[in-house]
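Everything numeric here is computed off the predicted structure, so don't read it as measured data. In what follows, chains are A, B, ... by sequence order, proteins preceding strands, each numbered from 1.
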Amino acid sequence: MPREEVMKWLRARFFPHIWCPGCGHGVIMHALLRSLTALDKKPEETVIASGIGCSSRMPGYINACTVHTTHGRSLGFATGIKLAKPELTVIDVMGDGDCTAIGGNHFIHACRRNIGITAIVMNNNIYGMTGGQASPTTPPGAKATTAPYGAIDPPFDICNLAAGAGATYVARATIAQPAMCEQYIKKGIQHKGFSVIEIVTHCHTQFGRKNKRSSPVDNLNFFKQASVAKAKADQMSPEELVGKIITGEFVNKDIPEYTEQYDKLIAKVRG
Amino acid sequence: MPREEVMKWLRARFFPHIWCPGCGHGVIMHALLRSLTALDKKPEETVIASGIGCSSRMPGYINACTVHTTHGRSLGFATGIKLAKPELTVIDVMGDGDCTAIGGNHFIHACRRNIGITAIVMNNNIYGMTGGQASPTTPPGAKATTAPYGAIDPPFDICNLAAGAGATYVARATIAQPAMCEQYIKKGIQHKGFSVIEIVTHCHTQFGRKNKRSSPVDNLNFFKQASVAKAKADQMSPEELVGKIITGEFVNKDIPEYTEQYDKLIAKVRG
Amino acid sequence: MPKIAFWQGNMGIAMGAIAAGCRFFGGYPITPSTEIAEAMAEELPRLGGKFIQMEDEIAGIAAAIGASIAGVKSMTATSGPGFSLKQENLGLAYMAEIPLVVVDVMRGGPSTGLPTKISQQDVMQARWGSHGDHGTIAYAPSSVQECYEITVEAFNMAERFRQPVLIMNDEVLGHMREKVIVPEDDSLVLVDRKRPTVSPDEFVPYRADEQDDIPPMAGMGDGYRWHVTGLTHNDWGFPTNNAAEIEKKMLRLMRKIDRFRDDIVKYDTESVKDADVLVLSYGSVARTALSAVRMARKKGIKVGHFRPVTLWPFPDKELETIASRVKTILVPELNCGQMVLEVERVVGKERVVRQNLVNGELFKPAEILSKIEEVA
Amino acid sequence: MPKIAFWQGNMGIAMGAIAAGCRFFGGYPITPSTEIAEAMAEELPRLGGKFIQMEDEIAGIAAAIGASIAGVKSMTATSGPGFSLKQENLGLAYMAEIPLVVVDVMRGGPSTGLPTKISQQDVMQARWGSHGDHGTIAYAPSSVQECYEITVEAFNMAERFRQPVLIMNDEVLGHMREKVIVPEDDSLVLVDRKRPTVSPDEFVPYRADEQDDIPPMAGMGDGYRWHVTGLTHNDWGFPTNNAAEIEKKMLRLMRKIDRFRDDIVKYDTESVKDADVLVLSYGSVARTALSAVRMARKKGIKVGHFRPVTLWPFPDKELETIASRVKTILVPELNCGQMVLEVERVVGKERVVRQNLVNGELFKPAEILSKIEEVA
Amino acid sequence: MSERYEIRVAGSGGQGVILAAVILGEAAVLHEGINAVQSQAYGPEARGGSSKSEVVVSRGEIDYPKAMAPNLQVALTQKACDEYVKDTAPGGIVILDDFFVTDLPSVDAEILHLPIVRTAREKLGKEIVVNMVALGAAAKVLEKKGHYNPESIRSAILARVPKGTEELNSKAFEAGYELVRM
Amino acid sequence: MSERYEIRVAGSGGQGVILAAVILGEAAVLHEGINAVQSQAYGPEARGGSSKSEVVVSRGEIDYPKAMAPNLQVALTQKACDEYVKDTAPGGIVILDDFFVTDLPSVDAEILHLPIVRTAREKLGKEIVVNMVALGAAAKVLEKKGHYNPESIRSAILARVPKGTEELNSKAFEAGYELVRM
Amino acid sequence: MSKQFDVLINKGWCKGCGLCIAVCPKNVLELDDRVKCEPVRMDDCIGCRQCENICPDLAITVKEREQDA
Amino acid sequence: MSKQFDVLINKGWCKGCGLCIAVCPKNVLELDDRVKCEPVRMDDCIGCRQCENICPDLAITVKEREQDA
Ligand SMILES: Cc1ncc(C[n+]2csc(CCOP(=O)(O)OP(=O)(O)O)c2C)c(N)n1
Ligand SMILES: Cc1ncc(C[n+]2csc(CCOP(=O)(O)OP(=O)(O)O)c2C)c(N)n1
Ligand code: SF4
Ligand code: SF4
Ligand code: SF4
Ligand code: SF4
Ligand code: SF4
Ligand code: SF4
Ligand SMILES: [Mg+2]
Ligand SMILES: [Mg+2]
């Protein structure tokens, strides 16, 4: 990928960005921009939406049509944009808190509706922006400022949740695999319908410090060691899979996309 | 079941209830009361919560500790009640709109948390109370006042959604099987953790009228003809299953219940 | 030729929206506003527009804002509980300056309250419901004809001022059917948001024109790239923590409405010239009040009527002028006293008499008449 | 012996809540209120209480209300965007008369605004944020000591009046650390909700005692069966459409606060006896204003200070008395003019001067001082 | 207000009383060229319970939109009759169904106790057209009182009812019209 | 206000300037028995960008809680120095790190240009204790000016830092204290 | 002799929906002209309680008839 | 002769996180004393771009070096 092409997508004037040194969100942004470049998308016709969180600061740095909305609600806004102008490429970038805590309902409904939006969930297992509170993906036993004695509730498996809600493309990678991130994001954007790419990342500042992974490199190493490709995971027992991050494509199916269905409905009504 | 025992659970002074003649919600309430009676629950120690909708009017008629909250939010209230007083039996009765539209997020989080509440979802595929708007379970092609040209979005499969979110007991019956309703509700209440019982019912007034099932008996017959037991469905192809209602138990697993985990945490902290 | 229709108030709003060019509706059903959504579900696809029922009110307004960001005039409608839920995202539309029309058909509150009964309990919420400061434009129609016309005007104001505009309808007017003279489409004056005239490279999305304090707005997909955020931002739309930039943004948000207050404010009077008693009322109550005022006039009581059509901005100057000549101002409201606070602020609380009803019913003419007689 | 602590304002609130007997917290993190949740997460399990972080603010307040229904004193805390989201369920607590303390630590708005900067932009929302009428009790503390003490009082009022009580803190006070003299637990006067004295069979859950208009409340699991609903209801708690029953309920909701307004209202004054100029301010601003007033006094300017501690009910009578002796009332606020509207309503708008700052900063003493000099 | 004429139709949920009032309103506005305001009581009880709907017609402006003292009332159930008939304008007219209303009210009004439901059931064979029979009866009264031309109401009915049901509804309307002898 | 003394500590996100100010506040209130108000600028920029924290101490009541013109400033980065040092009270004292701050400001104040970061890195072997070194230097100044007994600060440090790190932190404090010759 | 049953209908609660009639295996029930359920062939009742269980209005009670010994 | 690469670091953007160093298979990169990335063994670079792709601050550009023919 020629580097200059990627740079065109940046609002370089706002750099360096606000993320902590080594925050995985930058790795993901980078992968997204490479995907958009590879797919030859036009920034004027590409919408990047987000909610609120460290992750959700991403659109501000991307020189496209960017929409930084309210916490958890970005898929609602993105749905309005996509339905009003189906010709736009719409990407929605969210944190684990944004997507699965406050935004959980919009997430499952976007999955159900199968609207042509690509959701990138940057799962760092914590609320980074607000200082390290537990999220719905914080692993049991892990510490967080609102779980000072360790989290006791089972976490969501975001890919399972998306699948249960009816999503038609669901994949997972970690930031230790930037090329895989890029590849799944590309496939998600090309997919007709709602696509979910969960990217497992870290917040060493808020999560890592309390849970023995305090540097970015610690986290990189952790991801390398804990990831298991789906094909391999399918051969493993539940016990063997404890603490593992399964990467790969979980769902990829073909169902009519919502805005296309809508256009057909209009055509039918207008006769 | 001796009839008088069931009658004790009623606030007879508010009868006849407001539901339309033949509305399935009454069948479900009846099944719930038989279950509570069979399990020998005490009304003073039983909480019935609900949101807003025809279905959600149910608690008003039950002579227990009843909580009729805001649309979609009942599981939030119920979670507070259960966590504050784990010794109470807490049942949350919801409509399909209440549970899966506005209340979707609270639903998936209750599933995830595995808190000891029994959710009974009265799925009539429509918003009855407000006059027949489409719900997230309205079948594609069906008409509703807000889908005058037929619904175009894929519906949720409530049991799949619950399973994807991590629920530990999930079952489905239809009102044509009052004994099965009673049985699953009983099992749900006895289950440690969050249990979901979807009961497929009808709103002949709002849904049926527009979709060729205008009398209660039409709907009864439809359910009898369309239901397939899970064991049998497992042998059928996706094509054969189109339009079918699969009844049975979908999930039944053993994972620590939330309030028990919380009590352990307290014990640990207090040393 | 204008057409005659017999419509519910809610239908009047839906048809007004369509006439104003609204081509997107995002909402969630709630009594007594649902008919607006239902009418839009029926009408929009016929015009190539889009109706979407979202998973809740929060998503409903989010989708409507999204569509407006994409360049399509859009609307959402709700009632009390839903209006409360929409407050956060309403704030985003104020902050990001997104045109939008939001309808609240008022029922009895608080909470689920009285879904099928009238109140005027949300009029202060219209002004103060969302956290944080912003200018407010809110209308209260009194007839189905006005439902239609005010909706057109609401869209025009939303587009002109780049912000949400509220229509505070009530259950009685929302549900009652009445004659409407529907003007021909081309007789309507429609306003569209200002579009940027500079090239995409020169576009600074929140740089306001000096003559009106309003920044031109590009639609997404129109060739411009810009950033929308609910954070306080600078002219580039980029979040700022700089005191001067913050203040600039905030003051402009207020000023863009304050400056043109005279263009926005709307009110109606009847028999005020020689009045000793002035009845001030709005919405459906104004119909009862006018009935009572007319009865009282027949009895020889010098009473007039003042009807704010814009609740916000409140017609304060106009009221002050008229009020200066009257002895008593009677404010009947279907709440525990809300707009009356503004009346008291404007004319001083000494001469103001409240009449409040919160039993789910509309005042009857005899009730207001007897209060007029009491204070006259 | 009282203990000395060096706490953030948010910590003061959390510890006040614990001291008041709060044993449940349901919430969702949001800057600048998060420290309250974090402190409760740490402290409650030690006392056998429960902290739960819910999926969003709506569920946070729902869980807190649920716990209170179950008989446990409970709290939730948030900031602007979350306060907007809580409005619907706050309404339920008003309607169903459930004791609850809700904290809003104010940051700059509207929308996401300025998460880490101070404002006072939600004080009107405290009164009018939820649809439908209800009485409001809202406090604005000015020191960490007061954060602690007022939280205890807020719980007492919530329990006494069976309704939500609001604490409108601000970012500066929420985050700053200051000395607190923590009284010994047994020196605190704590109020608990009235429990029913009749047998379960005779219990009519919303039949109020005449002497105070408050119905006794059973906790769920205490042997009583009762019905809670957000619909307007009769004494049995059962939904009603009957005008007389509706009115009875609504008027009682308002009256239970109005009647005891004098017990609730709290304010502070300094140097008002001979003042020509009265500065009225609250929250962190009152600290700056007091500083400015003291500087001005040194310069010989006859200026005093009035600090409403309860924003709602507003100390109107008290202000009116003091204001009758002054020439000018200066109202510095970190918003575009909110409580000043109430001041104008109470004392007439002629003598009132506004000073507004909306750049994310707290007023500096010199700024208010120079305004005092200007109007003196 | 001298021109104001108020009509109320009341019955149970499924009897179509709202449609009846809407048709009277449309007849007035779209066919008679006069003003009309139609309103109704909504309520969750509308599910199973009683239901009422009103039309105020006038040549002049209609300010207060609800009926204060209906000049003409139609009540199709005992409950509706008990609840609503009492506020009939002195000298007004009350039409009651003779199957469901058995306890007649004592009001200063002319009471027409007519076989509305029975006509629908027996003559038309469809209880669902009970509202059209009632409209027919009301039309006759309104004609006599000089407020409506029955043709307006007939036209309004035809414009409203689903295609294919015009004949049934017209017949029901006629049958109702014939029930009244004034 | 004559008794009011204002201190500001500024640096970059990871340097622990907030903790330094909190410790100064705790030392004042819990150990010196005087009043103190500690506050800080929060911001998303606190992630990577600059960070400042203030303490106002006084024997009297502290009304306005923020620093207006700090009597003592500590700046650990160039950016912090450029942004914050200018409002130092005339005649005040400014402590600057000599590794990160290379452009010295021109202010009417005594400037102490000290090897704070280098001491942390080189002497203590842990850059993370840079705030303790800075506290030590500040303690010396505060002692000289008669505001604090350094023991109070030392006690406050010991009460705050994680178990097991007391020695490292004390050493860093001492090292900082030694840096200042006044 | 086989057991006998009383099928009691609370007509104040019955709304005439017909569900009981549809489920009764013995055709015991019918609607009367006020559209309320009426057990017209009570002696055929086998006490299966299907009518009772399906009644959404809780208007039916099936009781075993006290028999003379 | 094998290809050669330039590894360009934008030090204004680099935050010294060390991720690039951790992923580089050839040990090309190190942190300088201002905690910024510095290519210290540029000639060993094989142009795999792993450093570029992992850099969260988009501070690295790997370019094939123009070679004299
Ligand atoms: C309505 C609302 N509630 C809460 C917040 C505070 N808030 C901002 S970001 C955030 C969580 C962010 O976590 P996540 O989405 O995982 O993003 P991260 O910072 O970890 O990338 C929260 C709770 C808010 N801005 N708005
Ligand atoms: C916040 C809010 N939004 C909308 C409504 C209006 N409302 C009441 S019930 C309901 C839907 C009910 O549907 P469902 O839950 O399926 O129950 P049903 O009536 O079908 O039994 C809606 C949209 C409300 N009361 N509150
Ligand atoms: S706080 Fe965590 S998520 Fe936020 S920028 Fe820092 S490392 Fe990333
Ligand atoms: S409207 Fe539908 S859901 Fe509601 S009571 Fe009637 S049949 Fe039941
Ligand atoms: S099922 Fe119940 S309500 Fe329905 S007809 Fe039978 S007895 Fe009546
Ligand atoms: S008990 Fe069984 S047989 Fe008897 S009436 Fe009921 S359904 Fe029929
Ligand atoms: S990965 Fe980027 S930011 Fe991190 S050290 Fe390397 S160049 Fe610097
Ligand atoms: S391109 Fe590959 S070899 Fe070269 S510096 Fe980067 S990571 Fe190392
Ligand atoms: Mg996160
Ligand atoms: Mg439903």
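- Among all heavy-atom pairs drawn from D:K50 and B:P86, the shortest one is NZ-CG, 3.8 Å.
- Within the 3.5 Å criterion, the main-chain N or O of B:C65 finds no donor-acceptor partner in the side chain of D:R225.
- Interface check for chain D: of the options B:E87, B:H71, B:R112, B:H109, the most heavy-atom pairs under 4.5 Å are formed by B:H109.
- If you measure heavy-atom distances from B:R270 to chain D, the contacts under 4.5 Å come from the side chain alone.
- Between chain D and the residues B:E45, B:H106, B:K268, the most heavy-atom pairs under 4.5 angstrom are made by B:H106.
- Inter-residue side-chain proximity for B:Y258 and D:I52 is flagged as met; some heavy-atom pair is nearer than 4.5 Å.
- Contact of B:L88 with chain D is made through the side chain alone, with heavy-atom distances under 4.5 Å.
- Taking 4.5 Å as the limit, every side-chain heavy atom of D:M95 sits out of range of all side-chain heavy atoms of B:T70.
- Every pair passing ring pair (Phe, Tyr, Trp, His ring centres under 6.0 Å) that includes a residue from residues 50-103 of chain D is listed here, sequence neighbours excluded: D:F25-D:F51, D:Y94-D:H134.
- The shortest heavy-atom contact between B:K85 and D:G219 is NZ-C, 4.3 Å.
- The distance from the CG atom of B:L83 to the CE atom of D:M54 is 9.0 Å, given to the nearest 0.5 Å.
- D:Y224 touches chain B through its backbone: at least one of N, CA, C or O sits under 4.5 Å from a heavy atom, while the side chain does not.
- Of the inter-residue distances, the one linking D:T229 atom OG1 with B:I52 atom CD1 reads 6.0 Å to the nearest 0.5 angstrom.
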Determine whether D:M220 and B:V67 satisfy the following criterion, side-chain contact (heavy atoms from CB on, under 4.5 Å), listing intermediate values before the conclusion. CA-CA 10 Å; D:M220 286 194 170; B:V67 189; 3.6 Å; yes

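- Atoms OG1 and CD, from B:T69 and D:E88 in turn, are 9.0 Å apart once rounded to the nearest 0.5 Å.
- Counting heavy-atom pairs under 4.5 Å between each of D:A70, D:G66, D:A218 and chain B puts D:G66 at the top.
- Ranked by heavy-atom pairs shorter than 4.5 Å toward chain D, the options B:K42, B:H68, B:E44 are led by B:H68.
- Two residues are said to be in side-chain contact when any heavy atoms from C-beta on lie closer than 4.5 Å; D:V228 and B:F77 fail this criterion.
- Note on D:L47, D:D222, D:V72, D:I61: by heavy-atom pairs under 4.5 Å with chain B, the leading option is D:L47.
- Relative to the six-membered ring of D:W236, B:R11 misses at least one condition, a distance below 6.0 Å or an angle of at most 45° to the axis.
- Environment of NZ in D:K194: crowded, with over 12 heavy atoms of neighbouring residues, nucleotides or ligands closer than 6.0 Å.
- In terms of the ring-ring contact (aromatic ring centres under 6.0 Å, His included) criterion, residue partners of B:F14 (sequence neighbours excluded) are, by chain and number, D:F238.
- Nearest heavy atom pair, residue D:P45 against residue B:I266, reads O-CG2, 3.6 Å.
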